[in-house]
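Contents: one structure, followed by commentary.
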Amino acid sequence: MSFAALRASARRVGAVAPVARGSRTALRSPAFRRFSTEAPQAPKKSSNAALLGALGVAAVGGVGFWIYTSSSDSAKEAGTAVKSGVQAAKAATNFVPTKEDYQKVYNRIAEILDTAADKNYDDGSYGPVLLRLAWHASGTYDKESNTGGSNYATMRFEPEAKHGANNGLDVARDLLENVKREFPWISYGDLWTLGGVAAIQELGGPKIPWRPGRIDGFAHQCTPDGRLPDGAKGADHIRNIFYRMGFNDQEIVALIGAHALGRCHRDRSGFEGPWTFSPTSFTNEFYKLLMNEKWVWKKWDGPKQLEDKTTHSLMMLPSDYALVQDKSFKKWVKAYAEDEQLWFKDFSAALSKLFELGVPQQQFTTSEPWILKSSDEQQ
């Protein structure tokens, strides 16, 4: 039995003592250099089984099978239509998902993060790619046209799924599709953003306020290519992208600090390598390295990127390096390098804002966001 499966099994029965298990954050030391509408009334009782039954009524026979097994846009749009029927069935059966229901979804996502180690995926966690999915699903928002954002989960459709910036995110979408089958009542937008919340909290980051209410859309609501940041460009481009969403310079620097997690892949973005020595630990090392390390241009046959002069094992994108070349950006890089808790506070606020872009306020099912518990807090 794999470590991830053993831990997941133990978590379900509450058999792992904290002293024996330890926390995720303790297991991921930064010094470990590893590469690799209105608020609803409370329901009488919620039940996944009831929703599965409702889904069965809506998606009869082979139609339901086709929807869940086909990757075509037509099938996905049919799935969205069926989901509308399921929403009506939920209302008819008085099923309204509660915070506890969403906590169960969070827990399921948390359980699968470390199964990446069993499959030798990247650095042993699916957290970074789940965060990237949530980020890219939300970061298409345009405040002028009020289009894009996390509301419709349009990355399910072509051509958005094949935008260059979304290369490799099929890994995260496929992973969460398994969770969607287990909890069919949750929208894709809620699922994907909740995946991002779980990634941050499980990998040692701050609490991320989050609330449900996103709905699934259709292919014609896909956003045009070019709305996400281009790592090959500089400060002007960064501001154009983030100002379009409604962020200021401080929020921009706070959000880009998410590069503390994960790595670039040659076969996805063209760039290659991790930003930090601990790509599965959410710390302020990204800012410290950006400020204190000597960065030089990498000599290779790929796109322009920088590498650390000391070990030649880390990388920075031109857009990352722009943060210390621009006076307004640099003061925030310095502040976050010196004070991790300040960054945690600012990052939490900015990411929660990002995940709600494009969602009408009346759609949210609670007036105030929730704080969901991490796995360690539930031991």
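Below, each value reflects all heavy atoms present in this structure, side chains not excepted, and no hydrogens, waters or symmetry copies.
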Taking atom types as modelled, find out whether [X] and [Y] have a side-chain donor-acceptor pair closer than 3.5 angstrom.
X      : Y      : result
Glu100 : Thr98  : yes
Tyr106 : Glu202 : yes
Asp122 : His265 : yes
Arg214 : Ser150 : yes

Decide yes or no for [X] and [Y]: does some side-chain heavy atom of the first lie under 4.5 Å from some side-chain heavy atom of the second?
X      : Y      : result
Gln103 : Gln378 : yes
Thr193 : Ser138 : yes
Arg173 : Leu133 : yes
Pro279 : Leu261 : no

I'd like to know whether the aromatic ring centres of Phe347 and Phe282 sit less than 6.0 Å apart in this structure.
yes
Just checking Phe355 against Trp192, ring centres under 6.0 Å apart?
no
Any chance you could measure [X], atom [atom1], to [Y], atom [atom2], to the nearest 0.5 Å?
X      : Y      : atom1 : atom2 : answer
Leu203 : Thr283 : CG    : OG1   : 11.0 Å
Thr147 : Leu357 : OG1   : CG    : 11.5 Å
Gln305 : Trp297 : CD    : CH2   : 9.5 Å
Gln363 : Glu356 : CD    : CD    : 11.5 Å
Met155 : Asp170 : CE    : CG    : 10.5 Å
Asp346 : Tyr336 : CG    : OH    : 3.5 Å

Just say parallel, tilted or perpendicular for the rings of [X] and [Y], cut-offs at 30° and 60°.
X      : Y      : value
Trp343 : Tyr287 : perpendicular
His220 : Phe218 : parallel
Phe286 : His259 : perpendicular
Trp370 : Trp210 : tilted

Quick one: do Glu111 and Asn107 satisfy side-chain hydrogen bond (donor to acceptor under 3.5 Å, both in side chains)? Show the steps, please.
CA-CA 6 Å; Glu111 286 178 349; Asn107 293 348; over 6 Å; no
Looking only at non-hydrogen atoms, find the nearest pair between Met291 and Ala337 and report the distance.
CG-CB, 4.2 Å
Can you check side-chain hydrogen bond (donor to acceptor under 3.5 Å, both in side chains) on Tyr141 and Asn146, steps first, answer last?
CA-CA 7 Å; Tyr141 183 66; Asn146 195 30; 2.8 Å; yes
Can Thr311 and Asp308 be said to form a side-chain hydrogen bond (donor to acceptor under 3.5 Å, both in side chains), step by step?
CA-CA 6 Å; Thr311 71; Asp308 69 300; 2.6 Å; yes
Under the criterion side chain to side chain contact (heavy atoms under 4.5 Å, CB included), which of Leu354, Ile256, Val253 is the partner of Phe242?
Ile256
Give a yes or no on whether a salt bridge exists between [X] and [Y], defined as a side-chain N under 4.0 angstrom from a carboxylate O.
X      : Y      : answer
Lys345 : Asp339 : no
Glu177 : Lys180 : no
Glu338 : Lys334 : yes

Side chains of residues 229-238: which donor-acceptor pairs under 3.5 Å do they make with residues two or more places apart or in other chains?
from   : atom 1 : to     : atom 2 : distance (Å)
Asp230 : OD1    : Ala232 : N      : 2.9
His237 : NE2    : Asp230 : N      : 2.8

Heavy-atom donor-acceptor pair, Ser348 side chain to Lys207 backbone, under 3.5 Å
yes
Examine distances only and state if a side-chain atom of Lys353 and a backbone atom of Phe247 form a donor-acceptor pair shorter than 3.5 Å.
no
Under the salt bridge (Lys or Arg N to Asp or Glu O under 4.0 Å) test, which residues partner Asp326, sequence neighbours left out?
Arg239
Does any pair with a residue in residues 107-127 pass ring pair (Phe, Tyr, Trp, His ring centres under 6.0 Å), and if so which ones, sequence neighbours excluded?
Tyr121-Tyr126
